[in-house]
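To keep things clear, I will list the structure first and then write my remarks on it.
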Amino acid sequence: MTTSQGIIMILAGLASGPLLGGLIAGLDRILTARFQSRIGPPLLQPFYDVIKLFGKEKMVVNVWQAFCANAYMTAASISVVLFFLRSDLLLILFIQAVGAVFLVVGAFSSTSPYSQAGAHRELLQILCYEPLLIFVVVGIYLLTGSFKIESVYAWNQPVLLKLPFMFVVLSFVLTIKLRKSPFDLSTSHHAHQELVKGLLTDYSGSFLALTEIAHWYETVLVLGLCSLFWTTNPVGAILLVGLTYFLEIWIDNVSARLNWRWMLGYGWAMGVSLSLVNLVWLYAR
Amino acid sequence: MFNKILTRARTMSPWVLHFDCGSCNGCDIEVLACLTPVYDVERFGMINVGNPMHADVFLVTGTVNHRNKKVLRNLYDQIPDPKVVVAIGACGLTGGIFREAYNVVGGVDKIIPVDVYVPGCPAKPEAIIDGVVLGLEKLKK
Amino acid sequence: MSKTIIPFGPQHPVLPEPVHLKLTLEDEVITEAIPAFGFVHRGLEKLAEIRDFHQMIYVVERICGICSMIHAMCYCQGIEELMGIEVPPRARFLRVIWSELHRIHSHLLWLGLFADSFGFESLFMQCWKIREKILDIDEATTGNRIIISVCVIGGMRKDISPEHVNWILSELKDVEREIKRLETTIMTDYTVMKRTVGKGVLTGKQAYELGLVGPTLRASGIAQDMRMLGYAAFNEINFEPVVETDGDCYARCKVRFRETLQSIDLIRQAIAKLPEGELAVKAKGRPEGEVISRVEQPRGEVFYYIKANGKKNLERLRVRTPTFANVPALLAMLPGMWLSDVPVIVLSIDPCISCTER
Amino acid sequence: MFEMTPTIMRNFIGKRATRRYPYVVRPAFENARGVIYNDIRSCTFCGVCAAKCPSQCITVDKKAATWSCNPSACVYCGVCAESCLSGSLQQKCDYRKPVQEKEVIFLRGEINNNHNIPMAMKNE
Amino acid sequence: MIEHVVSISLENVVGETAKMKVEGYRFVTLSCVEIDETTVDILYHFDKDFQLKHLRLTAPKDSPVPSISPVYFAAFLVENEIQDLFGIRFQGLAIDYDRTLYLEEEVKKTPFCKYVVIKTKPPL
């Protein structure tokens with residue numbers, strides 16, 4: 001990759017979160033509304049929300065929280081930029097994880113019990129999905145012989161064909177990461193939750209907007225990871241990602257929220273066993 | 001220019017906080033009915049956030065009594081500016097049929113400033129939507 | 001982890017109503033739950049001293065917006081008994097129709113909120129979508145969506161015209177079909193079962209001793225339904241109480257779901273038998289004496305104690321609403337449960353706080 | 001698991017349940033209980049409505065020939081219109097619109113003179 | 001009209017209710033009515049197979065009434081309510097809200113008694 005290409009990629013990565021992520025969020029809300037026989041908000045609704053949040057009065061609970069929101073945002077954007085630069089998958093994952101932890105630390109720093117309980121659950125979620133993500137990355141490594149995304153693109157056939165179970169594991173992670181039912185434990189898009197907004201209860205105004213944008217970045221990142229499973233042609237990648245996302249919204253709409261015990265038990269049991277099956281299968285061939 | 005965009009964003013995305021301040025549930029379920037498919041206020045970007053720190057529009061239903069007036073005041077103070085307060089139903093306006101009862105202070109406007117009054121017992125969802133739209137006029141200024 | 005205290009309410013999105021639950025948690029397990037009330041207390045019983053007994057109908061109707069008509073019906077029945085008024089048969093059947101319509105709309109509302117309490121948003125939306133049809137029936141026949149103000153002492157204020165009867169029947173058919181479509185979701189869905197089965201179990205004996213009423217009691221296997229008293233026209237139509245035996249949140253959900261379908265059937269029966277005749281008899285004179293009136297609300301038995309002394313105003317009006325009787329169940333069910341189960345358990349008794357506090 | 005699928009798929013394909021309210025206004029039901037309207041020219045100021053109102057929001061002064069109602073305390077039960085002896089008090093089927101300032105309806109009429117000055121006075 | 005009323009006195013409140021429990025009655029509620037300046041009427045309602053049975057206690061306002069919440073736990077709520085609204089003290093409540101179930105501390109009057117009772121802590 002040349003320098004000019006690199007700069008373009010960095011800019012594309014930076015822009016993708018706020019633009020692509022926001023559009024995806026808007027589409028998500030419209031689709032959800034359709035599933036519920038509603039009309040739903042306009043496509044640009046998430047942008048209105050975020051712009052409005054930037055214009056709200058600043059109410060900072062403590063300095064830590066402001067710092068944490070910024071750190072989360074920075075980490076999320078860096079991980080996406082690194083993804084666009086086709087960098088090391090492990091590095092991307094860890095930067096993303098650092099960001100997620102900052103979000104939790106910010107929530108822990110406030111005194112609200114909802115925020116505390118939400119942060120607690122978010123930690124459990126991170127604990128649940130990070131090992132699974134590592135499994136996915138290890139699967140890719142075993143297949144291509146490198147942690148670099150570059151090497152995935154260099155692979156001559158879709159990774160999905162070799163790692164189908166890994167993809168199931170990744171979509172499991174996707175459900176957690178997108179805060180969709182049945183895993184919208186720590187915070188939820190709609191208000192009717194026992195923890196109110198859980199993790200995000202004490203973030204407000206522009207800091208909430210920052211976490212929202214960071215969430216968009218994360219969405220782009222996880223969907224980007226999904227697209228790695230079909231690198232041979234862009235239409236295939238878009239179809240795969242689109243289908244997966246549609247599936248996520250569908251699952252969101254047909255299931256109730258479960259508790260974290262179930263998530264950890266089921267997630268690890270299913271994730272680990274599916275990953276192992278896939279890895280063994282890779283070896284056997 | 002930026003102000004124009006901001007104003008538009010504000011009117012396009014009113015997040016509501018609903019507080020039942022001692023109503024009979026009539027107006028309450030009408031507020032909830034607004035969120036459901038038949039009225040679907042998410043068309044206007046309205047979502048019920050349930051958390052005062054995120055809210056823009058404060059929907060209050062019901063009479064104020066000696067115990068919940070503190071809660072009401074507290075919630076109002078927690079909502080960051082700019083905010084709109086909409087009092088819903090006869091009880092929220094004046095205390096309605098209960099205004100002579102011993103534990104009723106009166107309408108919501110005795111405790112916090114109210115921008116829009118939505119009459120009705122219970123107020124119809126259409127009236128509530130009208131009320132929020134009318135309240136958003138304030139944000140345009 | 002040390003003990004945390006989570007203040008649940010008074011403003012909380014899961015409970016649309018202001019009740020405060022002080023939950024003491026160890027990790028995420030509840031060790032103690034104490035409810036605090038008073039956020040909706042208006043002092044409505046005292047209004048009987050400044051409003052006359054006719055005006056009180058509209059006041060008691062506003063005890064609760066969800067089961068308003070049934071409150072008014074219970075009050076009117078009490079006063080009618082005191083004054084010795086015989087209600088015309090058409091009015092009695094109309095009371096059955098409207099009270100059952102209220103039951104359907106209340107149960108659907110509850111099913112929606114219950115679904116929401118375990119994070120099933122689309123089920124919530126679906127239930128409320130169906131519910132709008134019932135509200136349309138209410139509005140077309142009485143003029144208001146929720147607080148319908150149809151009962152007066154001695155009969156009814158409004159009538160259902162023959163054109164409306166056919167329309168109601170066809171709408172009810174739609175409603176029934178839509179509700180039946182949800183049956184598999186509510187009864188067999190894995191995630192729903194996971195969240196409700198075995199949560200907040202009350203045995204029949206426990207439930208009876210705590211003095212519970214309504215679906216909460218019936219879910220524990222005790223067939224107690226005030227409609228068996230045969231008030232209004234319930235003695236002239238076939239009625240069997242719905243009973244489940246498990247006593248957990250799932251059983252309570254099942255009871256209410258089956259009652260919704262049963263209510264549709266009851267309305268059909270009442271419409272089929274709807275006699276012609278006058279709507280109301282004139283209430284002359286003033287009530288005097290003490291009376292107790294009980295009817296079955298969607299949430300259970302409502303109990304009115306009325307004491308009148310021949311004046312325009314009643315001497316004492318005492319209302320014991322179903323949720324008031326069901327609150328002790330919460331104290332028995334919550335300890336030992338998970339924080340994530342709190343909304344499910346709290347909603348499983350169908351709390352109506354404005355009823356409780358009046 | 002996923003028992004809800006047929007329902008949401010039906011929703012996805014089928015017609016939306018939403019009434020596009022401000023753009024499409026559904027006509028009110030003919031006996032919907034909405035605003036109270038007093039035709040002051042035929043009002044006899046007998047005071048029955050004021051006595052019957054459960055919310056006590058109507059005041060009638062026979063001597064001064066005034067009729068006033070506090071619409072923000074009105075519960076729209078329709079008892080006043082039903083009990084009106086002269087038929088001047090009617091209940092319309094439109095709901096009352098939200099306002100930014102509370103108002104009181106204050107009507108003055110003269111019993112023998114067909115002449116009225118309806119005016120809305122601000123509350124306090 | 002009320003049938004099956006048994007009069008009881010302050011001493012045998014708990015005994016009589018315990019007897020009801022043994023007979024398998026379900027606790028319904030209490031109703032309290034003010035009779036005159038010094039006494040109130042408390043009705044204990046019980047239900048068994050749709051038959052109501054009542055115990056009538058005429059209690060003086062100033063002396064505490066023994067609570068039946070140790071017998072029927074559910075009674076604690078209504079006893080607290082009466083404590084709030086009538087100023088009658090109940091002794092031995094399972095959960096005592098100390099007259100703040102409905103009313104705030106700053107409310108000094110008992111709303112349902114025409115003759116105001118300023119409440120004090122019950123003698124321990």
Side-chain angles (χ1 to χ4, degrees), chain C residues 47 50-62 68 72 115 120-123 125-133 135-150 152 157-159 161 164 178-194 312, chain D residues 1-21 24-37 47-59 70 72-84 89-96:
Chain C
L47 276 179
I50 43 174
R51 305 267 198 265
D52 72 31
F53 68 96
H54 286 292
Q55 289 171 343
M56 274 313 279
I57 303 169
Y58 305 99
V59 178
V60 296
E61 232 178 4
R62 284 162 179 81
S68 61
F120 206 147
E121 207 199 2
S122 53
L123 183 55
M125 293 290 183
Q126 196 67 24
C127 289
W128 282 61
K129 183 183 134 194
I130 304 170
R131 182 177 159 269
E132 285 291 327
K133 283 208 164 80
L135 294 184
D136 274 353
I137 296 178
D138 274 354
E139 194 176 2
T141 51
T142 68
N144 215 350
R145 278 161 58 90
I146 289 168
I147 298 181
I148 60 175
S149 306
V150 284
V152 286
R157 268 171 75 191
K158 299 269 160 95
D159 198 1
S161 64
H164 274 147
E178 297 248 341
I179 294 175
K180 279 196 171 149
R181 272 186 197 146
L182 292 181
E183 186 167 1
T184 50
T185 310
I186 294 165
M187 301 286 183
T188 56
D189 189 83
Y190 174 78
T191 50
V192 175
M193 303 260 289
K194 194 88 191 158
K312 204 172 77 178
Chain D
M1 218 169 181
F2 310 140
E3 260 78 4
M4 191 76 183
T5 312
T7 315
I8 62 163
M9 283 305 161
R10 197 172 283 118
N11 287 341
F12 189 68
I13 298 159
K15 204 167 147 266
R16 313 271 164 267
T18 310
R19 297 174 192 149
R20 296 167 192 257
Y21 163 62
V24 184
V25 181
R26 194 171 64 141
F29 288 103
E30 52 190 76
N31 60 354
R33 297 204 304 265
V35 291
I36 299 292
Y37 170 77
V48 172
C49 48
K52 290 235 170 168
C53 175
S55 183
Q56 310 266 288
C57 67
I58 302 176
T59 40
N70 182 359
S72 39
C74 175
V75 294
Y76 305 93
C77 59
V79 169
C80 49
E82 249 172 46
S83 61
C84 183
L89 205 54
Q90 289 153 11
Q91 187 160 31
K92 304 271 177 193
C93 56
D94 316 307
Y95 61 92
R96 185 167 281 279

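We name chains A, B, ... by the order of the sequence lines, and we start the count at 1 in each one.
Side-chain atoms of C:Lys129 and D:Asn11 form a donor-acceptor pair, as typed in the model, at a separation below 3.5 Å.
The salt bridge (charged side-chain N to carboxylate O under 4.0 Å, His left out) search around D:Arg96 returns none, not counting sequence neighbours.
Contacts of C:Arg51 with chain D are made by side-chain atoms alone, with heavy-atom separations under 4.5 Å and no backbone atom involved. Both the backbone and the side chain of C:Leu123 come within less than 4.5 Å of a heavy atom in chain D. Interface residue C:Lys158: only side-chain heavy atoms are found under 4.5 Å from chain D. Heavy-atom distances place the backbone of C:Ile148, and not its side chain, under 4.5 Å from chain D. Of the two parts of D:Ser55, only the backbone, made up of N, CA, C and O, holds a non-hydrogen atom closer than 4.5 Å to a non-hydrogen atom of chain C. Residue contact with chain C, scored on non-hydrogen atoms closer than 4.5 Å, is absent for D:Cys93.
Comparing C:Thr188, C:Val59, C:Thr191 by heavy-atom pairs within less than 4.5 Å of chain D, the highest count is held by C:Thr188. Heavy-atom pairs under 4.5 Å with chain C were tallied for D:Arg26, D:Glu30, D:Gln91; the largest tally goes to D:Arg26. Counting heavy-atom pairs closer than 4.5 Å to chain D, the top-ranked of the candidates C:Arg157, C:Met193, C:His54 is C:Arg157.
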In sequence, state the C-alpha distance, the side-chain angles, and the governing distance for D:Arg33 and C:Ser149, and then conclude on side-chain contact (heavy atoms from CB on, under 4.5 Å).
CA-CA 10 Å; D:Arg33 297 204 304 265; C:Ser149 306; 3.4 Å; yes
side-chain contact (heavy atoms from CB on, under 4.5 Å) between D:Glu82 and C:Val152, worked out:
CA-CA 13 Å; D:Glu82 249 172 46; C:Val152 286; 6.0 Å; no
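Pairing each heavy atom of C:Thr141 with each of D:Asn31, the nearest pair is O-ND2, 3.5 Å. For C:Gln55 against D:Cys53, the heavy-atom pair with the smallest separation is NE2-O, 3.1 Å.
Taking CZ from C:Arg145 and OH from D:Tyr95, the interatomic distance works out to 11.5 Å, rounded to the nearest 0.5 Å. Atom CZ of C:Arg62 is separated from atom SG of D:Cys77 by 6.5 Å, given to the nearest 0.5 angstrom.
At distances below 3.5 Å, not a single donor-acceptor pair connects side-chain atoms of C:Gln126 with backbone N or O atoms of D:Ile8.
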